[in-house]
Amino acid sequence: MAKFNRYLITAALPYANGPVHIGHLAGCYLPADIYVRYLRAKKEDVKFIGGTDEHGVPILIKAMKENVTPQDVVDKYHKIISDSFADMGISFDIFSRTTNPVHHETAAAFFKKMYDDGLFEEHESEQYYDTVKDMFLADRYIVGTCPNCGNPNAYGDQCERCGSSLSPEELINPRSTLSDAPLVKKLTKHWYMPLQNYEPFLKEWLLDGHKEWKNNVYGQCKSWLDSGLQSRAMTRDSNWGIKVPLPDAEGKVLYVWFDAPIGYISATKELTPDWADYWCKDDTKLVHFIGKDNIVFHCIIFPAMLKAHGNFVLPENVPANEFLNLEGEKISTSRNWAVWVDDYVKDFPDQQDVLRYVLCSTAPETKDNDFSWKDFQTRNNSELAGIFGNFVNRAMVMMHKLCGGKVPPFHTELKNERDEALIATLQEKKAKIENSIENYRFREALAEMIDVARAGNKYLQENEPWNLAKTPELQAVNQKQIDNCLHLSLQLTANLAIFANPFMPFTAKKICHMLKVVDRILDWENAGSLKLVSVGYSLRAPELLFKKVEDEQVNSQIEQLHARRIKAMEEQKAAATPVAEKVEAEPKATIEFDDFAKLDLRVGTILEAEKVAKADKLLKLLVDIGTEKRTVVSGIALHFTPEEVIGKQVTLVANLAPRKMRGIESQGMILMAENAAGKLVFVNPDAAVDAGSEVR
RNA sequence: UGCGAGGUAGAGCAGAGGUAGCUCGUCGGGCUCAUAACCCGAAGGUCAGAGGUUCGAAUCCCCUCCUCGCUACCA
């Protein structure tokens, strides 16, 4: 730690087109905040930088769909996001936004400097252009007929029916998803950064110089560097973003990934006139906290930009986390499978630390991890309430009962082995927690902290002060021993506040309040001290630090989660319907009876149904057709939940050649009827028949 | 398809050649100051699977399988 004189900590800029959820917190903002609070407690010079990323195409599209301006969209979400962080105690020194003038100036100047130094290449290419909306379109916003399977609604990057990956050029009759208009090709010029030129620098700096980075980060970077880098466009055709600061650049803006990381610099400028100390002096330790999807930008592209521009420090570490799942499934914004932070704060008022604790202890530090409400309840009830809160409460209550509400003295002459052991544990834990935090192992640090409370409980159990005070006579005899036990227990409680502070700042303050000490005792240098509360000082009545979380609360959360997902699916259905209506079923050519006879149609019963991962529309079904059970993958997930199709009778094309979808072999096809509104309906027998019955 | 990360008790993790460990959960016991909390003890693992190197492999090598990322929205 001696090498660095100041710290600059950044957390990924959340994209301002939606609120933040627990995955964001667990992956990035919470670890960053813990690290920062720890550094502040050590009185390090630290700045914690954040803000919203407010440019880019998705925001533009969202604004068009909602018929508002892009500025309206980002204003709305900037407020929601920054409120959520503030509520959760994420202690940014500044939470800025990339639409601020300072940022526009900074990012444009950054680009201009690189341009003036001749660090960009200019390339022209043909891109699809929507003449109705008057804009160039990204691949995702182009649909057309799939050249492989004939699906009329294949996307510009992938056909969701046959799974083949596409480029927009391959689509037949490409059209815009925004206006439905046919597209024309138009020539456009962009500025590219030749990343391959920075390969030697990146290899030396990162691969040789930062072998200590986390496996997942290092491995990913090595893979990118080994496979070779290419020129990458740093501008886009759009009217929403930072205008390219060149004369012949009308309608061009900086690529959002070029401008976003510069947002860290702009925000620092906004925060302090000394911003350059943090960005340009070698004794600054720059650490980027991000999720794993951002690794390439923070470890390859941004460092290359900083190097290209010159005069900037490079990140000392990028401790990217993996992803957090929710109840065993990927968090999904579009399917509304998420716990939103603003909802949590409303549903669990004054319990931010519970979420902080649970998310930290289950943080996806080395691999993807799962958050479940059941686990949330268990951790709160057994670890926070049962161990931590209970210890503090026991110490406080007994001090009031047995020591007259004042901090008892410690009688050194009676110090015993248990006291020694407890004091030793305290020292040992301090060192361990420091080491864990400094190496970004926050889960481990948190477990060590809880272990201190556990040691406290054990200490009380072994000393049994309640037995020493069974009768007034006994108590009089044993008072000194009781004093010692509670004196140490109270000092331990104060230490717990210091240890807990980076993780659970609200709880730390509550403890300070109860112990009637000022917040300054939370300074890290006080950790391990046995003089935090003064002898003879009268303390407040204890309050419970943590409430139990009841079954009804978690059950209600789980229900809400499912209800929201169904609602989101219905909304998607509704949105998808107009497209379905346009595809009129054309009459097909007459076939002979023999053609029909080739079909083996069977009635089957759906035994099992589950969502196919990574596919919005697919359900994996197990269908009983009497003689056997078939696995069938069916594209009905937007219309039916797995639960509602189980037990249904269906008509199955049983001799259709098997086809693999998303890695699952589908052995047949379920017949569905589609009504005018695009709603799918099962084609099944009028009355129940035996599974396997033939349809003729 | 390829590359990266991961797969260790019911759950979450640690261990990176030498008797498989921690927390939670479960079971049994103790205690009663405390939020039916706390403390002690026990059960529970062919360390994803197969092969190899080694006196000895969870750990090293090879192959296979599974999950996630690179690859919709998205940390």
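Computation of the quantities below employed the complete heavy-atom set of this structure, encompassing side-chain atoms and omitting hydrogens, waters and symmetry-equivalent molecules. Order of the sequence lines fixes the chain letters, A, B, ..., with proteins taken first and strands second; residue numbering starts at 1 for each chain.
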Test item: I90(A) and R356(A) side chains (from C-beta on) under 4.5 Å apart, heavy atoms:
yes

Interatomic distance at P, rA36(B) relative to rA42(B), whole Å:
28 Å

Whole-angstrom distance between rG44(B) and rC24(B), as gauged at atom C1':
14 Å

Gap between atoms CG and P, on N325(A) and rU67(B) respectively (whole Å)
13 Å

Looking across every strand, which nucleic acid part, if any, lies under 4.0 Å from F546(A) by heavy atom: base, sugar-phosphate, or nothing?
base

Check: T493(A) side chain, I511(A) main-chain N or O, donor-acceptor pair, under 3.5 Å:
no

How about NZ on K203(A), more than 12 heavy atoms from neighbouring residues, nucleotides or ligands closer than 6.0 Å, or not?
yes

Should we count NZ of K458(A) as having more than 12 external heavy atoms under 6.0 Å?
no

Considering only atom P, compute the distance from rG28(B) to rA20(B) and round it to an integer number of Å.
29 Å

Send over the distance from E383(A) CD to rC13(B) P, rounded to a whole Å.
13 Å

Rounded to whole angstrom units, what separation is found between the CD1 atom of I450(A) and the C1' atom of rC22(B)?
14 Å

Toward the 5' end of RNA chain B, which comes first, C28(A) or K458(A), by nearest nucleotide?
K458(A)

Between Y459(A) and G389(A), name the one whose nearest nucleotide on RNA chain B is closer to the 5' end.
G389(A)

Flag the pair R565(A) and E329(A) as a salt bridge only when some basic side-chain nitrogen lies within less than 4.0 angstrom of an acidic carboxylate oxygen.
yes

On a whole-Å scale, what distance lies between the C1' atoms belonging to rG52(B) and rC62(B)?
7 Å

Please confirm whether K214(A) makes a cation-pi placement over Y440(A), using NZ or CZ under 6.0 Å from the six-membered ring centre and within 45° of the ring normal.
no

Treat primed atoms plus P, OP1 and OP2 as sugar-phosphate and everything else as base, then score nucleotides 25-34 of chain B 5' to 3': B for base contact with protein heavy atoms under 4.0 Å, S for sugar-phosphate contact only, - for none.
S----BSSBB

Strictly below 4.0 Å, N to O, side chains only: are E322(A) and K367(A) in salt-bridge contact?
no

Students often get this wrong, so: under 4.0 angstrom with heavy atoms, is G23(A) touching a base, only sugar-phosphate, or nothing?
base

Send over the distance from I387(A) CD1 to rC22(B) P, rounded to a whole Å.
15 Å

Please measure how far the P atom in rU59(B) lies from the corresponding atom in rU54(B), and state the result in whole Å.
16 Å

B/S/- along nucleotides 4-9 of chain B (protein heavy atoms under 4.0 Å) is SSSSS-

For the P atoms, the ones on rC70(B) and on rU35(B), what distance do you get once it is rounded to whole angstrom?
49 Å

What I want to check is whether the side chains of H210(A) and N317(A) have a donor and an acceptor closer together than 3.5 Å.
no

Please confirm whether F297(A) and F302(A) have ring centers closer than 6.0 angstrom.
no

Below 4.0 Å: OP1/OP2 of rA37(B) and any side-chain N or O of R454(A):
no

State whether N17(A) places a side-chain N or O below 4.0 Å from either non-bridging phosphate oxygen (OP1 or OP2) of rC74(B).
yes

With rounding to whole Å, what would you report as the distance between rG7(B) and rA75(B) at their P atoms?
26 Å

Can you see if the side chain of K330(A) gets near the phosphate of rC73(B) - specifically, an N or O under 4.0 Å from OP1 or OP2?
no

Taking atom CD of Q230(A) as the centre, does the number of heavy atoms from other residues, nucleotides or ligands within less than 6.0 Å exceed 12?
no

Can you identify which nucleotide, out of rA75(B), rC24(B), rA14(B), has its nearest atom closest to the R443(A) side chain?
rA14(B)

Could you tell me how far rA48(B) sits from rA16(B) if I compare only their P atoms? Round to whole Å.
16 Å

